Number of protein chains: 2
Amino acid sequence: MSLTRMTPELLSVIAERFKAFAEPARLQVLYELKSGERTVTELVAATGLGQANLSKHLQQLYAAGVVSRRKEGLFTYYALADKDVLKMCDLMCGRLDRETSARRKALSAG
Amino acid sequence: MSLTRMTPELLSVIAERFKAFAEPARLQVLYELKSGERTVTELVAATGLGQANLSKHLQQLYAAGVVSRRKEGLFTYYALADKDVLKMCDLMCGRLDRETSARRKALSAG
DNA sequence: TGGTAGTGTTACTGAATCGGAATATAGTGA
DNA sequence: TCACTATATTCCGATTCAGTAACACTACCA
């Protein structure tokens, strides 16, 4: 929210971007792409998602600027768009970590 | 994704957290809370959202650990849970900034 | 005690969305 | 050209979700 003005349009765009991360299947894809670019077939095998389903998720991730793609013959290689993608996930996971450990502490303190 | 293992349950939890940010109305609330805690009535006035609608959004934000709350008499004061909430938004906005400026550059170069 | 204001909850409707099956498209090789 | 493979797209049923109206609850005050 460092942006100067918060118009409804801008809020929608930001919400769209977050929505890209707000799905287990898409997070799973990002997790797989962490170790490098992958073809759709590889991602199907790694995630267990259906090909059509995965393809649609990849379009969404691409439209949201979360992943990049590169065509090579029959194959399409997908990769994380930049480092901030993982930073984003780490930040969210960090929040989770602190929360669960706080809850653990609260429970043990009883 | 710094977490060691990525189970389906964990992916769901993370997705839930992102979902809290993935809505213009909720982002608007977070934007308002940036400058300090607010009552529900104040948020209704500031955002233009219906009271029932806003109340539900606040429950979701609270359940996701994004905001904290404090009751005082009739009023309930909501506030951002921690600094990482804004960090998250800034990170996303930063991505947007770079992207739009890159697009601008591409257009002017084109 | 009754009334009022702030907030939360429930029931409902329309819109968005996920997943799968079938189909379409594009590149490759015989 | 024909078949085959990798990927994208369309259509559909089921589920989820935002918004609204009506109602419930609770704290305060006369």
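The shown structure was predicted, so the numbers you read here are calculated from the model rather than taken from an experiment. Throughout, protein chains are lettered first and strands after them, A, B, ... in sequence-line order, and every chain is numbered starting at 1.
- Checked by distance alone, Q59(B) brings no side-chain donor or acceptor within 3.5 Å of a matching partner on the base of dG8(C).
- Using a 4.0 Å cut-off between a side-chain N of Lys or Arg and a carboxylate O of Asp or Glu, K87(B) and D84(B) qualify as a salt bridge.
- Between L43(B) atom CG and dG8(C) atom P there is a gap of 11 Å when expressed in whole angstrom units.
- At whole-Å resolution of the value, CG in L58(B) and P in dG8(C) are 7 Å apart.
- The side chain to side chain donor-acceptor pair (under 3.5 Å) search around R17(A) returns E99(B), not counting sequence neighbours.
- Remark: side-chain polar atoms of D90(B) are not paired, donor with acceptor, to backbone N or O of C93(B) under 3.5 angstrom.
- The residue among G73(A) and H57(A) whose nearest nucleotide of DNA chain C lies closer to the 5′ end is H57(A).
- Backbone-only engagement by T76(A) is indicated by non-hydrogen atom pairs under 4.0 Å involving sugar-phosphate atoms exclusively.
- Below the 3.5 angstrom threshold, one finds no donor paired with an acceptor across the side chain of K71(A) and the base of dG27(C).
- Panel note: side chain E37(A), backbone Y77(A); no donor-acceptor pair is recorded below 3.5 Å.
- Straight-line distance from the OH atom of Y78(B) to the P atom of dG6(C): 15 Å, rounded to whole Å.
- At least one donor-acceptor pair under 3.5 Å links the side chain of R26(B) to the backbone N or O of A20(B).
- Residue E23(B) is in sugar-phosphate contact alone, with no base atom involved, counting any heavy-atom pair closer than 4.0 Å across all strands shown.
- For the pair F18(B) CZ and dT16(D) P, the computed distance is 22 Å after rounding to whole Å.
- Of the candidate nucleotides dT7(D), dG20(C), dT20(D), dT20(D) has the atom lying nearest to any side-chain atom of N53(B).
- With S12(A) contributing its side chain and P8(A) its backbone, the two residues share a donor-acceptor pair below 3.5 Å.
- Checked against dG6(C), dT9(D), dG27(C), the side chain of F75(B) finds its nearest nucleotide in dG6(C).
- Side chains of Y78(B) and R69(B): a donor on one and an acceptor on the other come within 3.5 Å.
- Regarding L74(B), its CG atom lies at a distance of 9 Å from the P atom of dA27(D), rounded to whole Å.
- Counting non-hydrogen atoms under 4.0 angstrom, E42(B) reaches nothing in the nucleic acid.
- The phosphate of dG8(C) (OP1 or OP2) has a side-chain N or O of R69(B) nearer than 4.0 angstrom.
- Mapping Q60(A) and E72(A) onto DNA chain C by nearest heavy atom places Q60(A) closer to the 5' end of the strand.
- Side-chain atoms of V40(A) lie closest to dT7(D) of the nucleotides dA22(D), dT7(C), dT7(D).
- Partner L80(A) forms a side chain to side chain contact (heavy atoms under 4.5 Å, CB included) with one of L61(A), V29(A), L33(A) and no other, that one being L33(A).
- Under 3.5 Å, the side chain of K56(B) and the base of dG8(C) form no donor-acceptor pair of N or O atoms.
- For the OP1/OP2 pair of dA5(C) and a distance below 4.0 Å, the side-chain nitrogens and oxygens of T41(B) include no atom meeting the criterion.
- The side chain of S55(A) sits closest to dT7(D) out of dT20(D), dG19(C), dT7(D).
- Remark: P of dG19(C) and CD of Q28(A) are 10 Å apart, rounded to the nearest angstrom.
- When the P atom of dT17(C) is taken as reference, atom CD of E16(A) falls 7 Å away, rounded to whole Å.
- For the pair Q51(A) CD and dG20(C) C1', the computed distance is 11 Å after rounding to whole Å.
- Across the helix from dT1(C)-dA30(D) to dA30(C)-dT1(D), the helix axis at one end is tilted relative to the axis at the other end by 10° (nearest 10 degrees, each axis from five pairs).
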